[in-house]
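Quick note: numbers below take in every heavy atom, side chains included, and nothing from hydrogens, waters or symmetry partners.
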Protein chains: 2
Amino acid sequence: MSHVDHMNPIPLYTQLADILRERIKSGELPPRSLVPSESYLQQEHGVSRGTVRMAISILRDEGLVVTISGRGTFVKGRDLKGK
Amino acid sequence: MSHVDHMNPIPLYTQLADILRERIKSGELPPRSLVPSESYLQQEHGVSRGTVRMAISILRDEGLVVTISGRGTFVKGRDLKGK
DNA sequence: GAGAATTTGTACGTATGTATG
DNA sequence: ACATACATACGTACAAATTCT
């Protein structure tokens, strides 16, 4: 699953969170790396910004990423010691 | 329509794009001329910068203007040969 | 060349409204 | 009523490019 599927009954933000989580777990998005911007993900998946933000907030709640206002969202890793 | 109208149900960025397009078509903003800065338009119309940028991006998509980072947005004309 | 000011570029934070299931 | 999803529109902050002093 590399892109969200509008025909899939699973909520788009859930699908997108799953996709991003997989990219992190697989190492495609390594610790300390910058997660694609909301604007980029919005265009890449053809969803609204609100949907992208909901997906990212799920990962944030899971402690997988950290978001810095005006900078972006970064992948957290054990070598980041929770930071 | 010289200023955007917050009571008008038409989106502010659409209204502003319409106004600027008219200024270009009428010759008030001739080819090669500098379109007022985002900051100026923002104050002139009482809208946010993001709204101004959305309006200008419409004109850019229509090929009416060209934006140069750090310089400004310029009106395109036939004598500019698409540049 | 240095430094300030201007202007556009990027990115996130928040609020509200609309529509649908 | 609630969840999902999109659109509009405000704001903040900083970076990058250019221009001016």
Side-chain angles (χ1 to χ4, degrees), chain A residues 1 3-21 23-24 29 32-76 80 83, chain B residues 1 3-21 23-24 29 32-76 80 83:
Chain A
M1 200 204 289
H3 280 73
V4 301
D5 175 9
H6 285 259
M7 293 305 107
N8 191 323
I10 295 176
L12 297 178
Y13 64 83
T14 302
Q15 290 184 51
L16 182 50
D18 289 346
I19 291 169
L20 293 174
R21 192 183 305 103
R23 288 186 185 167
I24 291 172
L29 289 174
R32 304 183 104 86
S33 71
L34 190 56
V35 174
S37 73
E38 295 175 356
S39 157
Y40 180 89
L41 291 171
Q42 190 179 182
Q43 293 177 57
E44 181 185 17
H45 295 276
V47 296
S48 71
R49 190 186 163 201
T51 297
V52 171
R53 284 179 63 77
M54 282 193 278
I56 290 177
S57 81
I58 289 176
L59 303 181
R60 197 162 38 237
D61 289 347
E62 293 173 353
L64 288 176
V65 300
V66 185
T67 298
I68 302 177
S69 177
R71 303 298 309 277
T73 296
F74 300 83
V75 179
K76 240 194 311 188
L80 268 162
K83 281 195 292 190
Chain B
M1 201 203 291
H3 281 73
V4 301
D5 174 10
H6 285 256
M7 292 305 107
N8 190 324
I10 294 176
L12 298 179
Y13 66 82
T14 302
Q15 291 185 49
L16 182 52
D18 290 346
I19 291 170
L20 293 174
R21 191 184 306 101
R23 287 186 185 167
I24 292 171
L29 288 174
R32 304 181 106 82
S33 70
L34 189 57
V35 173
S37 73
E38 296 173 357
S39 157
Y40 179 89
L41 292 171
Q42 186 182 306
Q43 294 177 57
E44 181 185 18
H45 296 275
V47 296
S48 71
R49 190 184 160 205
T51 297
V52 171
R53 284 178 64 78
M54 282 194 277
I56 290 178
S57 82
I58 289 176
L59 303 180
R60 197 163 37 235
D61 289 348
E62 293 172 353
L64 289 177
V65 301
V66 184
T67 299
I68 302 176
S69 177
R71 308 252 336 254
T73 297
F74 299 85
V75 179
K76 240 193 316 187
L80 268 162
K83 280 199 292 185

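Between D/dA13 and A/R71, no contact under 4.0 Å exists linking OP1 or OP2 to a side-chain N or O.
Separating the CZ atom of A/R60 from the C1' atom of C/dG13 is a distance of 10 Å, rounded to the nearest angstrom. Rounded to whole angstrom, the span from the NE2 atom of A/H45 across to the C1' atom of D/dA5 amounts to 16 Å. Rounded to a whole Å, the CG atom of A/L34 is 14 Å from the P atom of D/dA15. Put simply, CZ on B/R49 is 18 Å from P on C/dG13, counting in whole angstrom units. Atom pair B/Q15:CD and D/dA9:P shows a separation of 8 Å (rounding to whole Å applied). A/L16 has its CG atom 15 Å from the C1' atom of D/dC6, to the nearest Å. One interatomic measurement links the two molecules: NE2 of A/H6 to C1' of C/dT20, which rounds to 15 Å at whole-angstrom precision. Taking atom CD of residue B/E38 and atom P of nucleotide D/dG11, one finds them 14 Å apart after rounding to whole Å.
Along DNA chain D, the nucleotide closest to A/S69 and the one closest to B/P9 are compared, and the more 5′ of them pairs with B/P9. For the pair A/L12 and B/L12, both in contact range of DNA chain D, the more 5′-proximal nearest nucleotide belongs to A/L12.
The line from NE2 of B/H6 to NE2 of B/H45 is 10.0 Å long, rounded to the nearest 0.5 Å. Atom-to-atom distance recorded for B/R49:CZ and B/Q43:CD is 12.5 Å, nearest 0.5 angstrom. Atoms CG and CZ, on A/L16 and A/R21 in that order, are 10.0 Å from each other to the nearest 0.5 Å.
Listed candidates were D/dA9, D/dC6, C/dG13. Nearest to the side chain of B/T51 is D/dA9. Closest to the side chain of B/Y13, from the set D/dA5, D/dA9, C/dG9, is D/dA9. Side-chain atoms of B/R53 lie closest to C/dT10 of the nucleotides C/dC12, D/dA5, C/dT10. Relative to the side chain of A/S37, the nucleotides C/dA11, D/dA5, C/dT8 differ in distance, and C/dA11 lies closest.
Nucleic acid contact for B/S48: base, since at least one base atom lies under 4.0 Å from a heavy atom of the residue. Using a 4.0 Å heavy-atom distance criterion, B/G50 is classed as making no nucleic acid contact.
Pairing for D/dA1 is absent, with no Watson-Crick or G-U wobble pair whose two atom distances lie under 3.5 Å.
Remark: the backbone N or O of A/H3 is not paired with any side-chain donor or acceptor of A/Q15 at under 3.5 angstrom.
In summary, the side chains of B/R60 and B/T67 do present a donor paired with an acceptor at a separation below 3.5 Å, with no hydrogens or angles considered.
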